[in-house]
Amino acid sequence: MTELPDVDELTLEQRVRLLSGGDFWHTRPVPEHGVPAVTLTDGPHGIRAQSATSERFDLSHNEPATCFPTAVTLASSWDEELVEEVGRALGTEARALGVAVALGPGMNIKRHPLGGRNFEYLSEDPLVSGRMAAAMVRGIQSRGVGACLKHFAVNNQESHRFVVDAVVDERTLRELYLAGFEHALTARPWAVMAAYNRLNGLHCTDNPRLLSMVLRGQWGFDGLVVSDWGAVEDRAAAVRAGTDLEMPGTAGDSDREVLAAVRSGRLEREHVTDSARRVLELVGRAPRDGSGGFPVERHHALARRAAAEGTVLLTNDGTLPLSRQRTVALIGAFAESPRYQGNGSSLVTPTQLDTALEELRGRGVNPHYARGYEPGDSERNPTLVAEAVEAARRADVAVVLAGLPGAYETEGVDRQDLGLPAQHDDLINAVCAANPRTVVALSNGAPVAMPWVDRPAAILECYLGGQAGGAALVDVLHGDVEPAGRLAESLPVAVSDVAANPFFPGRPHQVEHREGLFVGYRHHTTSGVRPLFPFGHGLGYTTFEWGAATVDRQRLGAEESVTVSLEVTNTGDRGGSEVVQVYVHDRTGVVLRPRRELRGFAKVRLDPGRSTTVEVELGPRAFAYYDVERAEWTVPRGTFDIEVARSSADVVHTLPVELTEGVSTSPEPPTTPPVATDDAAFRQRLGGPVPTPRAVLPFTRESTVAEISSTALGGLFARVLRRATPVGEDALGEGAVTGTLDRVLSEMPLRGLARLSGGRLRGEVVDLLVDALNGRRVSTGVRVLRTAAEAVGGRIVGGIPFRRETRGISRDTH
Ligand code: BGC
């Protein structure tokens, strides 16, 4: 902690200076008052401290740090203690690397399995997301550095992420998309990041309702709100709404905007002062002692344990754990080039990287190894498959490592379909045909289709296991540790089984959440559409017996809690863990509800033969819905079933309880169709008209590069921009598919380019461009366009680790 001046000691200009960054990763100092700059950097599963100049966005030159399993894997552990421990390690590393705020955890709800950043998010369920995020925050902050919840809010897709307006009804917003954030605030994070997208018409950064009314007013958040990088549309509006810090720096552009707004009376000084105070408070809390070291081996060991804890055993005929007497064929290039994290801002440069092949060899097992496929290549390769079949025939057991190549999971781009590359499916089918004792181990950050699901002897969903994932897989295969995960998301058979699918990802400027609450298991359990594997599912290596369950009271008032208890016994011959999940089924008939909703859970670890009593408390929120007319959480009166379950599809005990107080009517009765397919139903749910998406014409600062490309001038701009954008280095050697970079650029709004340009492209120049694009002042337009495109190209995407094959790029994609 450093003694810093009171905000009142700063001039208006100095206060304004605090409200935007100095470059990509630092706040701005006020040396006259001894206020230093502090560092904020990603992220969610490892610290990415950029070692090259922070003038540029560069993901490929970072200080090495432990790459822990990504959020999807950590959440699958359902283990808050473990996640907190990982948080502590992240905090230690942040501190060692001179980072004041780690930009994580990411906790958007997985609305759709194709969401491009699902690997970075925790769950489809707000309780799991909220509890895991809170644990992560507690861990990080225990080391005296800050955590930052992101991306607030409803940033559930990558397509059009800079401009899309998420249209969501208030009840769904409160119960599904905000509830996790609300819970995570119990851990008092230093910061919250306002998302890129709009929410019901307004950009999240410029949204007073979201930031001032809900986050600060209703939830009491007293920390800092930082914009997502380049998200701000109108800096003065954003300050008024409560976005304290704009990132990255704009070389004084936003100072000018804010000062002009204060001077013209458009923005009250108090807003500037409040935000400056919050920036000062954060700077004051930041440590000043980057120590330069952290326990590399200890953190690696933790990453290894966490990977196994988050691995989900989907099926097993008893082949796992492998007997050490058996000969093994290890198949799949991921065994030597592991798939262990996703692409984008969360990319970490690991301190070391374990591979399954090395780990097995290190244990003296000499597997028959066959590559099976090329890791970065999606083409079918019959020769490699034939070699794999040969290896599988010669061994007692075959282990196939398959999954999604890195290019499939990249920030900025949603996936196109659920499928694995065809060659992975071919390989699994061929190896299963050659050897009935085939184990499939999947590496991917989000659900994949498994047309071969009944063929393998066992399937392990390893997700993205971080830098020690390869060794953790061998631990699990041999049974040194148990795969202790449970799915924190539903795995659908096909995307057509997802209620949000017809509305995802929507149109460039609008995505309608017509499925309301019916996301993931809330949809599967209500509609009866069966998933491939249900939310909460996961097997282990031992067996458990669940005794009778009881509740401490059967009748409760609106403000009362109830505790569910049951005895769990490990009846197998080895240690293991079990996750007791408690769902609530509303039978009151008062309000439309998903068939069951998770309201509590507990993970227990037991030695063989041991028993324990598991207690799960359900508070009043467990029974409440958000009543839009009353604008408050409300409990219906009547009967609820408490369902004690192994998964969302496997209920072991049902315990009825009676809510003796509460309402008996609601604005959304149970007869309401769950999915508001037609406009009338959606209008009803929204409580007003369905908004019309923003028109493409006339062009504005909000127009995207793709949109302006329909004009000759805009096309020229896009071409020069692409040409001026250097090819990023490919940190992982796996890059993204040709065209990914084009997509990211195409979806950028003009004002986003300006905000990310570090002052090279000024707002006024964008306005000139817009005029020219709209057919005014065309002659100046050409010159301005060219200069502008060249100015921003190098800075914005210079370091994004996408391999761009220059020859493969069409110069005329529009
Ligand atoms: C991402 C954030 C990230 C930021 C800084 C943005 O593009 O959405 O999650 O923290 O960049 O890297």
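Just so you know, ligand 1 is whichever comes first in the structure, and atom 1 is the first atom listed for that ligand.
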**Distance-only N or O hit between ligand 1 and Glu120, under 3.5 Å** = no
**Asked** Got an N/O contact under 3.5 Å between Arg117 and ligand 1?
**Response** yes
**Prompt:** Does at least one non-hydrogen atom of Met247 fall below 4.0 angstrom from an atom of ligand 1?
**Reply:** no
**Asked** Does Tyr196 have a non-hydrogen atom less than 4.0 Å from ligand 1?
**Response** yes
Contact atoms of ligand 1, heavy-atom distance to [X] under 4.0 Å:
X: Leu103; result: 10 (O)
X: Arg48; result: 12 (O)
X: Lys150; result: 2 (C), 3 (C), 9 (O), 10 (O)
X: Glu411; result: 1 (C), 6 (C), 7 (O), 8 (O)
X: Arg161; result: 7 (O), 8 (O)
X: Trp25; result: 5 (C), 12 (O)
X: Met193; result: 10 (O)

**Message:** Given 3.5 Å as the limit, does a donor-acceptor pair link the side chain of Asp165 with the main chain of Asn200, or not?
**Reply:** yes
**Item:** Side-chain donor or acceptor of Arg339 paired with backbone N/O of Asn444 under 3.5 Å
**Value:** no
Salt-bridge contact [X]-[Y] (side-chain N to carboxylate O under 4.0 Å):
X: Arg111; Y: Glu124; result: no
X: Arg117; Y: Glu120; result: yes
X: Arg216; Y: Asp244; result: yes
X: Arg755; Y: Glu233; result: no
X: Arg198; Y: Glu702; result: yes

**Message:** Quick check on Arg188: does its CZ atom have over 12 non-hydrogen neighbours (other residues, nucleotides or ligands) under 6.0 Å away?
**Reply:** no
